[in-house]
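See below for the structure under consideration.
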Amino acid sequence: MPELPEVETVRSGLASLVLDATLNSVEVRRDSCVRLMPGGADQFTAMLTGSSIVAVARRGKFMWCELRMPGEAADAPPAEVLSAHLGMSGQFRVYEASVAAAPPPHSHCRVRLGLRRADSTELTVDFLDQRTFGYLTVEPTVGTSDGHAAGAGTIHDVLPTSVAHIGRDALDPWLDTDAALRAMRRGSRGIKQVLLDQTVVSGIGNIYADEALWAARIHPERPARTLSRPMAAGLLKVAQSVMSAALTQGGTSFDSLYVNVNGESGYFSRALNAYGRGGEPCDRCGTPLTRHSIGGRATHWCAQCQRKWAPRSTR
DNA sequence: AGTAGCACCTGATTGC
DNA sequence: TGCAATCAGGTGCTAC
């Protein structure tokens with residue numbers, strides 16, 4: 001469930017259930033799900049078994065669990081974390097039951113984890129992924145370069161090595177807005193490509209890029225360097241407000257592929273103004289929305305409201 | 001350095 | 001009805 005609001009819905013749902021639980025059993029049902037582990041499923045299983053989840057964290061679309069191995073000090077920053085990326089179709093499903101008592105795994109279940117909480121109740125956590133672009137991996141951490149919280153839900157100021165290269169996400173209180181606006185206004189790429197570039201500002205995906213551009217009345221192919229600073233600031237602001245709004249509704253969902261840890265879908269798709277609405281009238285001016293592929297991604301915009309160049313009157 | 005293009009998968013839907 | 005083509009919300013590598 002790929003974009004920031006959907007991943008945050010999953011993160012907070014997981015956190016509410018698995019904090020302080022210990023991993024008893026690990027079943028890798030499809031090896032490619034742990035393809036980033038040099039030692040494959042065996043190494044993945046060995047590194048996880050016996051560890052406890054002390055935090056469930058997220059930056060942009062990347063999630064991770066801070067782990068504590070038995071015998072490690074409670075306040076020591078974790079040397080390793082369990083990283084998860086949902087890719088295009090990843091889901092977590094949590095059952096408040098032991099692995100033996102949980103429903104049989106779905107055919108898209110790639111990994112099944114068995115956990116025991118401090119109060120001895122058991123949990124089964126399934127990682128489902130139809131398209132298999134998602135993954136789980138255990139990897140080392142690096143410190144945050146600015147010493148601030150690494151992301152939502154973190155306890156320690158460390159993040160997975162594989163997440164170090166992306167920018168803070170649009171809803172991160174430690175996002176350096178000034179630097180983000182400078183990065184957004186750089187280069188010859190169309191602004192939509194820049195919004196999708198996770199190293200600039202992370203968390204924005206194809207849906208919210210189209211929604212933010214529609215709200216800010218900016219053409220998706222407008223070269224990034226032609227945006228004025230106020231224009232970029234307005235764009236970042238609407239991206240933040242659209243994603244915040246989606247978050248309060250449990251994220252956007254079109255079908256059973258995108259659900260929270262209980263298998264329920266969000267309601268934000270009702271509120272979309274652009275994404276998936278090619279040919280339908282623009283909610284502002286009634287002009288049928290244009291749909292085209294840009295950089296291989298379906299892109300929706302209003303050719304009337306979103307001019308490639310600012311109308312003469314506003315120059 | 002910055003950017004475009006493609007590869008990585010499975011399954012649902014569309015079109016002939 | 002059957003089968004091939006197309007499409008899907010992401011990321012990272014490669015080559016220019």
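In this text, all values refer to a predicted model and were calculated from it rather than measured experimentally. Below, chains carry the letters A, B, ... as their sequence lines are ordered, and counting in each starts from 1.
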Which atom of A:G151 lies closest to which atom of A:D172, heavy atoms considered: CA-OD2, 4.5 Å
Span of DNA chain B in contact with chain A (heavy atoms, under 4.0 Å): B:dT3 to B:dG11
Residues in contact with DNA chain B, drawn from residues 181-194 of chain A - heavy-atom cutoff 4.0 Å: A:G187, A:S188, A:R189
A:S83: partners by side-chain hydrogen bond (donor to acceptor under 3.5 Å, both in side chains), with sequence neighbours left out: A:E139
Spacing of A:R291 atom CZ and A:E280 atom CD [to the nearest 0.5 Å]: 11.5 Å
Side-chain N or O of A:Y208 closer than 4.0 Å to phosphate OP1/OP2 of C:dG9: no
Touch class at under 4.0 angstrom, heavy-atom based, for A:R30 against every strand present: sugar-phosphate
All pairs passing salt bridge (Lys or Arg N to Asp or Glu O under 4.0 Å) where residues 226-240 of chain A contributes a residue, at least two apart: A:D178-A:R229
Per-nucleotide protein contact string for nucleotides 10-16 of chain C (B base, S sugar-phosphate only, - none; heavy atom under 4.0 Å): BSS----
DNA chain C base-pair string [pairs: Watson-Crick or G-U under 3.5 Å; |: paired with another strand]: .|||||||.|||||||
Smallest separation among heavy atoms of A:V238 and A:A215, with atom names: CB-CB, 4.0 Å
Under 3.5 Å donor-acceptor, A:R277 side chain and A:P281 backbone: yes
Pairwise P distance for C:dG9 and B:dT14, with rounding to whole Å: 15 Å
Pairwise P distance, C:dT14 and B:dC9 [rounded to whole Å]: 16 Å
Pairing of A:D210 and A:K192 as salt bridge, 4.0 angstrom limit: yes
